[in-house]
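Structure record follows, encoded as structure tokens.
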Amino acid sequence: MELKNVLLEKEEHLAIVTINRPKALNALNSETLKDLDAVLENLENDSNIYAVILTGAGEKSFVAGADIAEMRDLNEEQGKEFGMLGNKVFRRLEKLDKPVIAAISGFALGGGCELSMACDIRIASERARFAQPESGLGITPGFGGTQRLPRIVGLGKAKEMIYTGAMVKADEALRIGLVNKVVPLENLMEEARAMANAIIVNAPVAVKLCKDAIDRGMQVDIDRAIEIEAEDFGKCFSTEDQTEGMTAFLEKRAEKNFQNK
């Protein structure tokens, strides 16, 4: 797998994915989106990875947005194709069967804010800044911002952010529920790793099914959502990890030997 703008590192059961265009503040062009798509395909097929951290190179920016230099001269059809590419990759990220933690150092603007929202959990540094400034560029959010932002922060706040393009600081992002935690910049990756490790020690099959139940359940009515939960709950009882987890509990054994099966 040859990558130009994305880095993939694996440390036992943890994968760290870094958008690596620091000179462009990690802006997302087509090449970067295709690199990210290739990385996600790799992670989909790696049963040894239990959690993922997604971040941006450097301290200034997580991802400053989609690449305006590439977008400026697109026609209507090309604009739609670019939006569909971003949405396809972000949806693949959202549906990855491993929890993804966004570690957000600085700017998460436009496509960067949208990328963070496709992750399961967001940890921001105190310097992080969020915005959907597309209306000031003559466009709408194109990588899921009009859909995920209202689902995360509520309809009124999402419309305010999207219509005005206003910048939201890290403390305000925490207050409105856009991020889970705000930490000093120097502690950002340490905090992300700590959360990833807290996930990794649990049964990977159970975590995967928890994610499935939450994500699918949020898209349907409560009665169907409860059915989905019951289905995933039942699936757990066909796994070795369920037997190991409950046996360890009954034996008062802190050490658990989960096998992701």
Side-chain angles (χ1 to χ4, degrees), residues 3-7 17-37 39-40 53-76 78-94 100 102-119 122-125 127-153 157-170 172-173 176 178-179 185 188:
L3 304 171
K4 294 183 179 179
N5 297 322
V6 178
L7 304 176
V17 178
T18 305
I19 308 299
N20 188 37
R21 294 186 73 207
K23 291 182 179 179
L25 295 179
N26 303 320
L28 299 171
N29 58 8
S30 297
E31 185 176 65
T32 305
L33 289 169
K34 290 173 183 175
D35 278 0
L36 181 56
D37 194 45
V39 165
L40 293 173
I53 295 172
L54 175 63
T55 193
E59 298 181 352
K60 291 183 178 180
S61 182
F62 171 68
V63 167
D67 195 318
I68 296 171
E70 179 175 354
M71 290 192 294
R72 185 187 61 179
D73 296 324
L74 299 180
N75 62 31
E76 181 176 349
Q78 290 168 332
K80 181 179 178 180
E81 289 176 2
F82 186 58
M84 291 299 291
L85 172 62
N87 272 304
K88 182 194 82 167
V89 176
F90 286 17
R91 189 74 176 117
R92 189 172 200 171
L93 171 65
E94 192 170 45
V100 182
I104 304 158
S105 55
F107 293 119
L109 311 179
C113 187
E114 291 166 311
L115 179 62
S116 76
M117 290 190 291
C119 299
R122 288 161 290 282
I123 301 177
S125 84
R127 300 183 190 177
R129 299 291 184 271
F130 300 83
Q132 297 289 165
E134 288 90 346
S135 62
L137 298 169
I139 58 173
T140 68
F143 293 168
T146 62
Q147 304 308 307
R148 291 191 181 93
L149 191 59
R151 285 167 165 81
I152 293 172
V153 305
K157 191 63 183 179
K159 286 184 174 182
E160 176 189 335
M161 287 180 63
I162 291 170
Y163 296 171
T164 68
M167 193 90 70
V168 172
K169 294 182 179 180
E172 174 71 357
I176 64 177
L178 184 53
V179 301
L185 177 61
L188 179 61

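This one's a predicted model, so the numbers in the text were calculated from it and none came from an experiment.
- Within the 4.5 Å cutoff, the side chain of V179 has no heavy atoms near those of the I123 side chain.
- Under a 3.5 Å cut-off, the side chain of N26 and the backbone N or O of A57 do form a donor-acceptor pair.
- Residue pairs meeting the salt bridge (charged side-chain N to carboxylate O under 4.0 Å, His left out) criterion with at least one partner in residues 158-169, sequence neighbours excluded, are K157-E160.
- The side-chain contact (heavy atoms from CB on, under 4.5 Å) check on D73 picks up nothing, with sequence neighbours excluded.
- Using modelled atom types, one finds no donor on one side chain facing an acceptor on the other under 3.5 Å when comparing T32 with D35.
- Going from atom OG of S116 over to atom CZ of R122 covers 5.5 Å, rounded to the nearest 0.5 Å.
- Listed by chain and number, the residues in a side chain to side chain donor-acceptor pair (under 3.5 Å) with T164 amount to none (sequence neighbours excluded).
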| task | Apply the test side-chain contact (heavy atoms from CB on, under 4.5 Å) to residues I19 and V6: give CA-CA distance (whole Å), side-chain angles for both, the deciding distance (0.1 Å), then the verdict. | result | CA-CA 5 Å; I19 308 299; V6 178; 4.1 Å; yes
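- Closest non-hydrogen pair, P133 versus G110, comes out as CD-N, 3.5 Å.
- Within the structure, side chain to side chain donor-acceptor pair (under 3.5 Å) contacts touching residues 54-69 (residues at least two apart or in different chains) are R21-D67.
- Annotation: the span from L115 atom CG to F143 atom CZ amounts to 10.0 Å, rounded to 0.5 Å.
- Taking each heavy atom of A131 and G165 in turn, the nearest pair found is CB-O, 4.0 Å.
- For A108, the side-chain contact (heavy atoms from CB on, under 4.5 Å) partners two or more places apart in sequence, or in a different chain, are F62, I104, F130.
- Residues E172 and R129 are not in side-chain contact: their nearest non-hydrogen atoms beyond the backbone lie 4.5 Å or more apart.
- The backbone N or O of S30 sits less than 3.5 Å from a side-chain atom of E70, completing a donor-acceptor pair.
- Side-chain contact between I162 and L149 is present, with heavy atoms from C-beta onward closer than 4.5 Å.
- With rounding to the nearest 0.5 Å, the separation of OG1 in T146 from CD in E134 is 9.5 Å.
- Listed by chain and number, the residues in a salt bridge (charged side-chain N to carboxylate O under 4.0 Å, His left out) with K4 are E31 (sequence neighbours excluded).
- Annotation: side chain of M117 is in contact with side chain of L178 (closest heavy-atom distance under 4.5 Å).
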Side-chain donor-acceptor distances from residues 83-93 under 3.5 Å, at least two apart:
{"unit_1": "N87", "atom_1": "OD1", "unit_2": "G144", "atom_2": "N", "d": "3.3"}
{"unit_1": "N87", "atom_1": "ND2", "unit_2": "G83", "atom_2": "O", "d": "3.1"}
{"unit_1": "N87", "atom_1": "ND2", "unit_2": "G142", "atom_2": "O", "d": "2.8"}
{"unit_1": "R91", "atom_1": "NH1", "unit_2": "E94", "atom_2": "OE1", "d": "2.8"}
{"unit_1": "R92", "atom_1": "NE", "unit_2": "E44", "atom_2": "OE1", "d": "3.4"}
{"unit_1": "R92", "atom_1": "NE", "unit_2": "E44", "atom_2": "OE2", "d": "2.8"}
{"unit_1": "R92", "atom_1": "NH1", "unit_2": "D37", "atom_2": "OD1", "d": "3.0"}
{"unit_1": "R92", "atom_1": "NH1", "unit_2": "D37", "atom_2": "OD2", "d": "3.4"}
{"unit_1": "R92", "atom_1": "NH2", "unit_2": "E44", "atom_2": "OE1", "d": "2.9"}

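- Here CG of L3 is found 9.5 Å from CG of L36. Values are rounded to the nearest 0.5 Å.
- Considering all non-hydrogen atoms of both residues, S105 and G56 come closest at OG-O, 4.5 Å.
- Rounding to the nearest 0.5 angstrom, the gap separating the CD1 atom in I68 from the CE atom in M71 is 5.5 Å.
- Nearest heavy atom pair, residue L74 against residue Q78, reads CA-OE1, 3.5 Å.
- Here the CE atom belonging to M161 is positioned 11.5 Å from the OG atom belonging to S135, to the nearest 0.5 angstrom.
- Listed by chain and number, the residues in a side chain to side chain donor-acceptor pair (under 3.5 Å) with N20 amount to none (sequence neighbours excluded).
- Residues satisfying the side chain to side chain donor-acceptor pair (under 3.5 Å) criterion with E114, sequence neighbours excluded, are absent altogether.
- Residues passing the side-chain contact (heavy atoms from CB on, under 4.5 Å) test with S125, sequence neighbours excluded: R127, A128, L185, L188.
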| field | Worked check of side-chain contact (heavy atoms from CB on, under 4.5 Å) between N29 and N5 | value | CA-CA 9 Å; N29 58 8; N5 297 322; 4.0 Å; yes
